[in-house]
Amino acid sequence: MPELPEVEVLVRHLKPLLRRKVIRGVQVNRDRVLRPTHARTFKRTLEGARFIHLTRRGKYLLFEISPRQGRQRRILLGHLGMTGRMYLVPSKAALPKHAAVVLDLGDSLFVFEDTRYFGRLTLDTTAVEGLGPEPLGSDFTIARLAADLARSNQPIKVKLLDQSLVAGIGNIYASEALLRAGISPKRPAKSLSPAGVKRLWHAIRQTLTDAVAFGSTVPLDYAGTGRGERLFYYGQMPDTETRFDERLQVYDREGKPCRHCSTPIKRIVQAARSTFFCPKCQS
DNA sequence: CACCATGTTCCTTG
DNA sequence: CCAAGGAACATGGT
């Protein structure tokens, strides 16, 4: 579930639940997700620490924590990788098979579950230093996007996955944004016209904004009753029954009719990843 | 068994 | 030095 919209919704959900909570205990089941922090350091730093703020940067979660007395506030950096989830469960709840890290908050447990263990929960924050602007922030301007694209020969779809260009777009929303902009994923980044860049800029922001809005309508229940806890990547709207995948225009729709012109959606592989597009709507 | 998967990083090649 | 491509990471679904 991990692109910017999913992370944004998760952050909004967790923020009030974690505020001022003190970490009473730390259980690390998979050292790899702490990289490069050592389990010892991780436990020593977090035990007794208090959650102060939670923000998002690209696909990363930034937990600001206040360690035990005297020490400087620190950032605990989270990333969901491909299959990561973070949620709270009752203290006595059974833990999932792939619970990588569990934090005891006294009245509940914070669980970082990750089937494939590609995610992170670490005290090393260097990963966010190389990120480009927030796509929904004021630093991400049409002029900046145009200037950055003009220096790249990469196919535009591949370039959109470059987190130093703009932070937070992943494989699903890259295809979705390009359909919205009417631009072929195969076009070299530098070949986009000024008008094309402008359409892409709007498409990126609209696609992500819409996804966040959709996710915000999905009832999340991490409190432990066990239903609706799968985040909106797998969720559905309570009113319309619209499933997440039914909202997508091209992603994972190879061979199915384009929702705009009925032309079969095509799938190609770029940089070893699937790209979906409508050959008629995009050029 | 084969192939595919929401992501990032490292290594090789040019 | 940089750009681009591919493999690796690890597990599960179809």
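Only heavy atoms go into these numbers, but all of them, side chains included; no hydrogens, no water, no symmetry mates. Order of the sequence lines fixes the chain letters, A, B, ..., with proteins taken first and strands second; residue numbering starts at 1 for each chain.
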| Which class fits the ring pair A:Phe110 and A:Phe51: parallel under 30°, tilted 30 to 60°, perpendicular over 60°? | tilted
| query | Which residue, A:Arg116 or A:Leu161, contacts DNA chain B at a nucleotide closer to its 5' end, judged by nearest heavy atom? | reply | A:Arg116
| query | Expressed as a whole number of Å, how far does the C1' atom of C:dC1 sit from that of B:dT8? | reply | 22 Å
| request: Name the nucleic acid region contacted by A:Lys97, choosing base, sugar-phosphate or nothing; use a 4.0 angstrom heavy-atom cut-off, strictly under. | output: sugar-phosphate
| said: Under 4.0 Å, heavy atoms only, any strand: does A:Arg273 hit a base, just the sugar-phosphate, or nothing? | reply: base
| said: If the cut-off is 4.0 Å, is A:Ser274 near the phosphate of B:dA5, judged by side-chain N/O to OP1 or OP2? | reply: yes
| task | Determine the Euclidean distance between corresponding C1' atoms of B:dT9 and C:dG12; express it in Å to zero decimal places. | result | 22 Å
| What's the spacing between A:Leu145 CG and A:Leu165 CG if we round to 0.5 Å? | 6.0 Å
| When we call it a touch if two heavy atoms are under 4.0 Å apart, what does A:Phe118 touch: a base, just sugar-phosphate, or nothing? | base
| said: Is it the case that atom NE2 in A:His38 sees more than 12 heavy atoms from other parts of the structure closer than 6.0 Å? | reply: no
| query | When you list every nucleotide of DNA chain C with an atom under 4.0 Å from a heavy atom of chain A, which one comes first 5' to 3', and which comes last? | reply | C:dA4 to C:dG12
| Now, which nucleotide makes the Watson-Crick or G-U wobble pair with C:dA10, with each of the two distances under 3.5 Å? | none
| query | What is the nucleic acid contact for A:Asn153, judged by heavy atoms within less than 4.0 Å: base, sugar-phosphate only, or nothing? | reply | sugar-phosphate
| Given B:dT8, is OP1 or OP2 found less than 4.0 Å from the side-chain N or O atoms of A:Arg120? | no
| remark: Rounded to whole Å, the CG-P distance (A:Asp124 to B:dT8) equals 15 Å
| request: Answer with base, sugar-phosphate or nothing: what part of the nucleic acid does A:Arg35 contact at a heavy-atom distance below 4.0 Å? | output: nothing
